[in-house]
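What's counted below: heavy atoms across the whole structure, side chains too, no hydrogens, waters or symmetry copies. So that the names make sense, note that chain A is the first sequence line, chain B the second, and so on, each numbered from 1. Everything numeric in this text was worked out from a predicted model, so none of it was measured.
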Amino acid sequence: MDRSFDEKVYEVVRRIPRGRVTTYGQIGALLGDRFLARAVGNALHRNPDGEKTPCYKVLNSRGELAKAFVFGGEEEQARRLRSEGIEVRNGRVDLAKYGWRPEASAYELEKRLGG
DNA sequence: GGGGTGACGCGTC
DNA sequence: CGACGCGCCACCC
């Protein structure tokens, strides 16, 4: 009954803190393989529930939004990001400022320590 | 089982 | 900055 790859991706996305973003590559790396980045993008493209899984918080390695954002396109994605206080300029977000590294999060640390 | 698709990432020009 | 090329992968025919 192992969860499908897509579901694992959604789980990670649901843990992204409010006001922060992450990238396809970082999620892939967290799931065990940096080359999964492309598959992560595909998984989000198939996201069945935009409310439950805030995929608008996932960007590419350069902090750029997705032209093919499923729930309304790039503009809608920008609006959702801004609604969390995240700045979007020229279709891009400053990862140094808003980026979240899942593998270094307190949540992960706690989990590894057996919390 | 074989082949196409795509919200990727990185190097190169 | 933009345009390719290439490697890789899960999904879906």
Write down the distance between CG (A:D6) and C1' (C:dC9), rounded to a whole number of angstrom.
-> 12 Å

Whole-Å gap separating C1' (B:dG6) and CG (A:N60) = 14 Å

When rounded to whole Å, the CD to C1' distance for the pair A:Q26 and B:dC10 reads 15 Å

Under 3.5 Å on both distances, the Watson-Crick or G-U partner of B:dA7 = none

Base, sugar-phosphate alone, or nothing: which one does A:V40 contact when heavy atoms must sit under 4.0 Å apart?
-> nothing

For A:L65 against A:Q77, the heavy-atom pair lying closest together | CB-OE1, 3.4 Å

Would you indicate what A:R62 reaches in the nucleic acid, counting non-hydrogen atoms under 4.0 angstrom: base, sugar-phosphate, or nothing?
-> nothing

Which of these nucleotides, B:dG9, B:dA7, C:dA10, is closest to any side-chain atom of A:H45?
-> B:dA7

State plainly whether one hydrophobic cluster holds both A:V88 and A:V70, where clusters connect Ile, Leu, Val, Met, Phe, Trp and Tyr through side-chain heavy atoms under 4.5 angstrom apart.
-> yes

Ignoring the backbone of A:S61, work out which of B:dC10, C:dA10, B:dG6 is nearest its side chain.
-> B:dC10

Check the distance between B:dA7's C1' and A:E76's CD and give it to me in whole angstrom.
-> 15 Å

For the side chain of A:F35, counting heavy atoms from C-beta on, which of B:dG9, B:dA7, C:dC9 is nearest?
-> C:dC9

Value rounded to 0.5 Å, distance of CD1 in A:I27 from NZ in A:K8 = 14.0 Å

Nearest-angstrom distance from the residue atom CG of A:L81 to C1' of B:dA7 = 13 Å

Length of the line joining A:N90:CG and C:dG2:C1', which is rounded to integer Å = 15 Å

Looking at C:dC11, C:dC9, B:dA7, which one has an atom nearest to any side-chain atom of A:D33?
-> C:dC9

From the list C:dC1, C:dC9, B:dA7, which nucleotide is the closest neighbour of the side chain of A:R92?
-> C:dC1

Measure from the side-chain N and O atoms of A:Y10 to the backbone N and O of A:L44, and report whether any donor-acceptor pair falls under 3.5 Å.
-> no

Could you tell me whether A:A66 contacts a base, only the sugar-phosphate backbone, or nothing, with contacts defined as non-hydrogen atoms closer than 4.0 Å?
-> base

Which nucleotide sits closest to the side chain of A:A39: C:dC9, B:dA7, C:dC12?
-> C:dC9

Looking only at atom types and distance, does a side-chain atom of A:E76 sit under 3.5 Å from a main-chain N or O of A:F69, one as donor and one as acceptor?
-> no

Pick base, sugar-phosphate or nothing for A:Y24, based on heavy-atom distances below 4.0 Å to the nucleic acid.
-> base

In whole angstrom, give the distance that lies between atom CG of A:L36 and atom P of C:dC8.
-> 13 Å

Nearest whole angstrom, please: distance from the P of C:dC8 to the CZ of A:R34.
-> 9 Å

